[in-house]
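Before any comments, here is the structure.
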Number of protein chains: 2
Amino acid sequence: MTEQSGSGRITANDVARLAGVSRSAVSRAFTPGAYVSRDTRAKVERAADLLGYRPDMLARSLTTSRTFLVGVITTHLDNPFYATLLQRLIEEIQRAGMAAVTFIADETSNDERISQLLSYRVDALVLTNTSLSSKMSVRCARGDTPVIAINRYLEVDNIVSVTCDNELASAAIGKLFVKKGRRRIAYMAGEPDTSSSRDRERGFRAGLSELGATLHSSAVGNYSHDGGVRAARELLSSSVRPDAIFCANDLMALATVDVARKDFGLDVPGDLMVAGFDNSDAAAWATYRLTSVDQNIPGMVRSAVEEIEAAVVERGRMRRRVLIPPTLVERESTGGPKSIDEPKYGS
Amino acid sequence: MTEQSGSGRITANDVARLAGVSRSAVSRAFTPGAYVSRDTRAKVERAADLLGYRPDMLARSLTTSRTFLVGVITTHLDNPFYATLLQRLIEEIQRAGMAAVTFIADETSNDERISQLLSYRVDALVLTNTSLSSKMSVRCARGDTPVIAINRYLEVDNIVSVTCDNELASAAIGKLFVKKGRRRIAYMAGEPDTSSSRDRERGFRAGLSELGATLHSSAVGNYSHDGGVRAARELLSSSVRPDAIFCANDLMALATVDVARKDFGLDVPGDLMVAGFDNSDAAAWATYRLTSVDQNIPGMVRSAVEEIEAAVVERGRMRRRVLIPPTLVERESTGGPKSIDEPKYGS
DNA sequence: TTGAAAGCGCTAACAT
DNA sequence: ATGTTAGCGCTTTCAA
């Protein structure tokens with residue numbers, strides 16, 4: 001067993017010496033589409049294995065200006081949807097042979113984080129549930145760093161937004177309520193200044209009016225459980241109580257079910273139908289059996305990473321918006337699945 | 001407004017030219033403890049601001065052999081505890097001026113991920129809910145890369161494990177059940193081959209026997225909700241049903257409450273007391289009000305990052321194990337908080 | 001205190 | 001197909 005003398009980093013030189021070839025031969029052996037003879041490649045690989053050598057990505061990046069690093073900025077992960085989204089995104093990035101440098105957005109220090117990521121020369125930037133200041137947008141553009149936004153539609157140039165079709169799915173929920181005979185239909189908004197919350201409200205209203213119904217009341221729950229508790233109390237305290245509530249995410253919908261049962265003694269779905277958004281794990285739990293919208297996270301992250309790969313090679317302009325078709329998942333909180341022969345929307 | 005001619009990356013040379021100083025002056029202006037006159041520093045800073053310059057971390061790392069990159073390997077984030085842990089860990093890493101390169105462990109490709117991180121010359125490696133093969137352990141040691149394990153105690157050299165005091169907290173739960181008058185007390189294990197699940201069982205048994213009680217039955221729920229459902233059905237189907245179950249995490253405990261109520265029509269805590277571990281958000285929800293153990297995630301990640309910083313400067317041997325004191329959070333699932341004057345354990 | 005020069009580990013253009 | 005040479009952008013001795 002040949003050993004390395006100076007403990008510490010093993011370099012291409014060490015491998016070259018051991019294999020009896022030049023440094024460039026070693027480099028070529030580790031470069032996918034390079035001219036190396038079967039023979040030298042074998043020698044290099046054996047030597048590399050022996051020494052436990054692996055090219056230094058930093059040094060490599062310095063010459064290739066490809067780091068295989070993707071910067072990811074996300075929010076707090078208390079919301080399980082964000083957690084799952086981040087997990088799948090990271091997995092997809094690593095499946096594509098890259099690595100994710102992840103930051104949690106401070107909201108206040110968002111620009112600083114992006115600047116930091118840029119100093120690592122990330123090949124691309126992915127923003128999940130986060131915005132981009134126009135200042136940073138131009139810095140990314142100048143550095144030729146493609147930016148992909150997931151789950152937020154950003155009105156900024158040179159950025160591709162990947163979201164599910166919030167309007168379509170929300171309209172489907174609205175129509176579901178009406179078909180189930182509900183008439184006092186309420187909406188619980190997420191964070192009011194996000195595109196997702198606005199799109200969901202717009203779609204929901206459209207779905208209602210398509211069947212001749214109209215919104216009875218609404219409140220803001222800020223996408224959090226606590227906010228959902230407050231908003232649910234507000235809605236249900238009304239003198240004319242709603243008989244159906246569409247919450248802009250599951251966290252608020254679960255809170256709404258809790259409040260309806262515990263604080264108001266209501267039966268779900270008898271007295272009150274509730275629907276959410278995200279199809280989180282808890283939506284399927286026996287206690288809730290919550291109707292919800294599956295955003296197709298795998299589809300979203302796949303699109304996002306495809307956009308990254310395209311942008312990295314093309315270096316050109318990018319598509320502005322990608323819409324992922326969601327799926328409505330009906331459970332007992334809206335009276336259970338509809339009859340089997342009724343067609344689902346979406347593909 | 002002076003602008004940069006060649007769009008693309010701005011280098012120290014550009015700044016030097018604009019500021020009328022040398023490259024090294026620029027470098028020194030960006031190096032905390034370096035000899036630069038107030039005057040040149042000011043000139044450099046102004047020029048850098050104007051150009052939007054920021055030192056290239058990759059190039060810098062190549063000479064300093066400090067990347068300010070921390071490799072993080074974690075598991076699936078379906079478990080909200082892992083999600084919160086990861087979030088806080090990343091936040092703590094970025095507060096320390098470093099960046100986290102995050103991978104989701106494939107279990108099968110764990111070694112490959114670590115090797116990949118090593119090729120980025122990460123300053124340290126953090127494993128959360130993950131193991132380390134002895135092969136990789138020696139590669140880390142050879143490269144002088146410190147390894148910190150969170151939430152797993154690993155029997156490997158040169159590694160520091162940060163966990164909460166699982167045994168202490170679990171013993172407290174055991175004693176709580178006995179004090180509340182329960183005698184048919186069961187344990188629901190997590191993944192059987194993890195140190196956390198084993199330590200919790202050991203502590204729980206110890207707590208019981210300390211008050212003269214003994215374990216009635218046990219099952220394995222693998223730390224998942226589905227697993228918890230199955231294990232709860234198993235335990236509650238017994239001819240002599242348990243009247244208290246300690247689940248090794250909240251996900252399983254919530255599942256147990258659901259099963260007890262929905263499938264067996266039991267009252268919690270009347271017919272069955274349930275306690276969990278992690279003090280996840282859902283444990284506080286009105287439907288569950290679950291007694292649980294708060295592992296003090298902020299304390300865990302703070303210790304972990306302190307260990308990183310210490311290891312990076314010292315390059316010496318490290319402490320083997322850090323125990324974080326947890327807190328018992330009593331809620332209605334075990335009959336509500338005890339009287340106010342009864343002392344809590346831990347600090 | 002500052003600038004000039006060397007080099008971190010690698011890849012790529014050029015010769016062979 | 002292989003080796004030689006010249007950098008990638010930075011820090012850091014070494015002189016001045």
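In what follows, chains carry the letters A, B, and so on, assigned in the order in which the sequence lines appear, proteins first and then strands, with residues in each chain numbered from 1.
Scanning atom types as modelled, one donor and one acceptor separated by under 3.5 angstrom connect the side chain of A:R28 and the base of D:dG3.
Tested against B:T74 for a side-chain hydrogen bond (donor to acceptor under 3.5 Å, both in side chains), the candidates B:N151, B:T128, B:T130 yield a single pass: B:T128.
Across the protein-nucleic acid pair, B:R23 atom CZ and D:dT12 atom C1' stand 11 Å apart, rounded to whole Å. As a whole-Å value, the separation of B:F68 CZ from D:dT11 P is 11 Å.
At the heavy-atom level, B:Y53 lies under 4.0 Å from the strands shown only through sugar-phosphate atoms. At a threshold of 4.0 angstrom between heavy atoms, the contacts of B:S27 include nucleobase atoms, whether or not backbone atoms are also involved. At the heavy-atom level, A:R38 lies nowhere under 4.0 Å from the strands shown. Across all strands shown, A:V26 has no heavy atoms under 4.0 Å from either base or sugar-phosphate atoms. Residue contacts shown for B:S24 include a base, since a base heavy atom lies under 4.0 Å away. Within the 4.0 angstrom heavy-atom criterion, only backbone atoms of the sugar-phosphate kind lie near B:R121; the bases stay farther away. Residue B:S61 is out of contact with every strand shown, counting any heavy-atom pair closer than 4.0 Å. Nucleic acid contact for B:T11: sugar-phosphate only, since backbone atoms but no base atoms lie under 4.0 Å from a heavy atom of the residue.
Residue A:S22 places its side chain closer to D:dG3 than to any other of D:dT2, D:dG3, D:dT12.
By the 6.0 Å and 45° rule, A:R28 does not stack over the aromatic ring of A:Y35.
Interface limits on DNA chain C: the 5'-most and 3'-most nucleotides within less than 4.0 Å of chain A heavy atoms are C:dG9 to C:dA13.
Side-chain polar atoms of A:Y53 and A:T11 form no donor-acceptor pair below 3.5 angstrom. Side-chain atoms of B:T40 and B:S37 form a donor-acceptor pair, as typed in the model, at a separation below 3.5 Å. For the residue pair A:T67 / B:Y120, no side-chain donor-acceptor distance below 3.5 Å is found, with atom types taken as modelled.
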